[in-house]
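Input: a single structure, listed below in structure tokens.
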There are 2 protein chains.
Amino acid sequence: MNLPIGELARRTGVKVPTIRFYEQIGLLPQPPRTEGNQRRYGKAEVNRLNFIRHSRELGFDVDDIRGLLEMSSQPQASCHQADSIARNHLAEIDRRIASLRALRGELSRMVEECTHGRICDCRIIEVLADHSQCKAEHAH
Amino acid sequence: MNLPIGELARRTGVKVPTIRFYEQIGLLPQPPRTEGNQRRYGKAEVNRLNFIRHSRELGFDVDDIRGLLEMSSQPQASCHQADSIARNHLAEIDRRIASLRALRGELSRMVEECTHGRICDCRIIEVLADHSQCKAEHAH
DNA sequence: TACATACCTTTAGTCACTAGAGGAATGTCG
DNA sequence: CGACATTCCTCTAGTGACTAAAGGTATGTA
């Protein structure tokens with residue numbers, strides 16, 4: 001359990017330069033180094049990095065993650081902060097899912113029409129342009 | 001129908017600087033200008049920009065959109081290019097939906113546990129760290 | 001001990017915007 | 001007609017979250 005950065009990368013699915021980047025912006029602590037100045041990591045870093053990766057996949061941004069990580073170091077102190085971060089993301093995720101599902105339907109219909117359509121006059125552009133009004137309000 | 005850029009922005013939900021940016025990278029054509037050098041747009045630009053915005057929301061990148069826009073100018077020539085672009089995105093969208101749905105479940109469970117949990121020992125961090133292994137393979 | 005491989009730092013590039021400075025045009029009200 | 005708020009103009013630089021490349025050093029195996 002004295003992993004070089006490449007091993008940490010392999011075990012977490014996070015690329016080597018990204019790990020160094022995370023250290024640079026303070027998401028990962030500076031690990032101990034070998035004589036020759038190479039980083040060595042332990043089990044804690046594997047967990048922490050897995051947490052970071054998964055959070056990024058969930059759509060949390062770096063500041064959110066920083067917050068969550070801080071909280072985890074003060075176990076029960078500020079649970080409802082974590083809750084509110086998660087809650088916000090839940091709403092956002094619901095919005096994204098709804099949007100993607102609607103658009104998936106559109107897209108698959110377009111593909112259908114396009115492949116089996118006569119004269120290949122698929123309306124992909126028109127469809128995308130038409131349906132765009134009905135969501136004009138929610139920026140993101 | 002001789003809209004200044006702000007009106008175009010209002011009608012499409014795309015911000016003014018973003019419109020200028022789209023012109024700069026060639027997604028929007030250079031519109032005619034007034035005596036005093038201000039851009040004036042017509043109905044065609046409203047459509048085109050709506051199409052662009054909606055495509056971006058779908059997750060198409062600028063190159064894809066450029067491709068789609070080119071195709072739309074040569075009506076039936078290369079429909080199966082549009083088809084393949086759309087098809088690729090269909091797969092990607094399915095992946096994203098699946099991922100979001102899984103994570104939504106996790107997140108909402110966490111929120112539940114956290115709000116109603118005793119002693120407020122919510123496991124948000126642990127949950128995020130634990131579940132991260134089972135998706136280590138699919139990057140992005 | 002030679003050598004491939006993995007590591008190091010630093011700088012610059014990517015994508016799709018977004019913000020700000022400093023100034024000119026437009027349109028409305030008196 | 002003139003003052004004035006608002007919108008517009010260009011240009012440069014900054015953002016977030018990486019990713020790539022250059023040029024050089026450690027590590028570990030044959």
Side-chain angles (χ1 to χ4, degrees), chain A residues 1-28 30-42 45 48-49 51-69 85 89 92 96 138-140, chain B residues 1-28 30-42 45 48-69 89 92 96 138-140:
Chain A
M1 259 305 165
N2 211 12
L3 316 169
I5 199 168
E7 250 303 290
L8 181 60
R10 209 188 51 70
R11 293 194 187 195
T12 58
V14 177
K15 288 177 192 160
V16 168
T18 304
I19 294 174
R20 289 197 276 247
F21 169 74
Y22 283 162
E23 180 183 328
Q24 187 186 308
I25 64 172
L27 274 194
L28 286 176
Q30 300 185 336
R33 305 279 185 128
T34 62
E35 288 252 310
N37 198 34
Q38 298 195 355
R39 294 166 179 85
R40 286 301 120 103
Y41 297 94
E45 280 69 44
R48 193 182 176 95
L49 192 48
F51 167 69
I52 293 169
R53 183 177 58 76
H54 196 50
S55 300
R56 289 286 305 123
E57 279 169 6
L58 257 166
F60 291 95
D61 66 20
V62 167
D63 272 355
D64 288 333
I65 297 172
R66 228 189 295 270
L68 291 169
L69 285 169
I85 291 178
H89 276 278
E92 174 62 26
R96 285 195 215 168
H138 87 303
H140 172 241
Chain B
M1 262 305 166
N2 211 13
L3 316 170
I5 198 168
E7 251 302 291
L8 180 61
R10 209 187 52 69
R11 294 194 186 194
T12 57
V14 178
K15 288 177 192 157
V16 169
T18 305
I19 294 173
R20 289 197 275 248
F21 170 75
Y22 284 163
E23 179 182 329
Q24 187 186 307
I25 63 172
L27 274 193
L28 285 176
Q30 300 185 337
R33 304 281 185 126
T34 62
E35 288 252 310
N37 199 33
Q38 299 196 353
R39 294 165 178 85
R40 288 300 120 103
Y41 297 95
E45 279 71 42
R48 192 180 176 98
L49 191 48
N50 268 328
F51 167 69
I52 293 169
R53 183 177 58 77
H54 196 50
S55 300
R56 289 288 303 124
E57 279 169 5
L58 257 167
F60 291 96
D61 66 21
V62 167
D63 272 355
D64 288 334
I65 297 174
R66 228 188 295 270
L68 291 169
L69 285 169
H89 277 277
E92 174 62 23
R96 285 194 213 169
H138 85 303
H140 172 233

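Numbered from 1 within each chain, the chains take letters A, B, ... in sequence-line order.
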**Item:** Which nucleotide in D:dT27, D:dC18, C:dC17 has an atom nearest any side-chain atom of A:T34
**Value:** D:dT27
**Request:** Look only at the side chain of A:R20 and the backbone of A:Q24, and say whether a donor-acceptor pair between them is shorter than 3.5 Å.
**Result:** no
**Message:** Could you measure the distance from the CD1 atom of B:I19 to the CG atom of B:L8? Nearest 0.5 Å is fine.
**Reply:** 4.0 Å
**Asked** Should A:T18 be listed as having a side-chain N or O under 4.0 Å from OP1 or OP2 of D:dT19?
**Response** yes
**Asked** Are the side chain of A:R48 and the backbone of A:L27 linked by a donor-acceptor contact shorter than 3.5 Å?
**Response** yes
**Message:** I want to check one thing: is the phosphate of C:dC7, taken as OP1 and OP2, less than 4.0 Å away from some side-chain N or O of A:R39?
**Reply:** no
**Item:** Atom-pair distance (CD on B:Q24; P on C:dA16), nearest Å
**Value:** 13 Å
**Item:** Closest nucleotide among C:dA16, C:dT9, D:dC9 to the B:R20 side chain
**Value:** D:dC9
**Message:** Output the rounded distance in Å from CG (B:N37) to P (C:dG22).
**Reply:** 21 Å
**Message:** Categorize A:R33 for me: base, sugar-phosphate, or nothing, with a 4.0 angstrom heavy-atom threshold over every strand shown.
**Reply:** sugar-phosphate
**Request:** Write down the distance between OH (A:Y41) and C1' (C:dC7), rounded to a whole number of angstrom.
**Result:** 11 Å
**Message:** Could you tell me how far apart B:I5 (CD1) and C:dT26 (P) are, to the nearest whole angstrom?
**Reply:** 15 Å
**Nearest-angstrom distance from the residue atom CD1 of B:I65 to P of C:dC15** = 14 Å
**Request:** For B:R56 and for B:Q38, locate the closest nucleotide of DNA chain C by heavy-atom distance; then report the residue assigned to the nucleotide nearer the 5' terminus.
**Result:** B:R56
**Prompt:** Whole Å only: how far is the CG atom of A:L28 from the P atom of D:dC18?
**Reply:** 11 Å
**Prompt:** In whole angstroms, how far is the P atom of C:dA25 from the CD atom of B:E35?
**Reply:** 10 Å
**Message:** In this structure, how many angstroms lie between the C1' atom of D:dT15 and the CD1 atom of A:I25, rounded?
**Reply:** 13 Å
**Request:** Return yes if some donor-acceptor pair links the side-chain N/O of B:E7 with the main-chain N/O of B:P4 below 3.5 Å, else return no.
**Result:** no
**Message:** Whether A:Y22 contacts D:dC18 is assessed here as follows: a side-chain N or O lying under 4.0 Å from the phosphate OP1 or OP2. Is that the case?
**Reply:** yes
**Prompt:** Do the side chain of A:S55 and the main chain of A:F51 share a donor and acceptor less than 3.5 angstrom apart?
**Reply:** yes
**Asked** Counting side-chain heavy atoms from CB outward, which of D:dT27, D:dT19, C:dC17 is closest to B:F21?
**Response** C:dC17
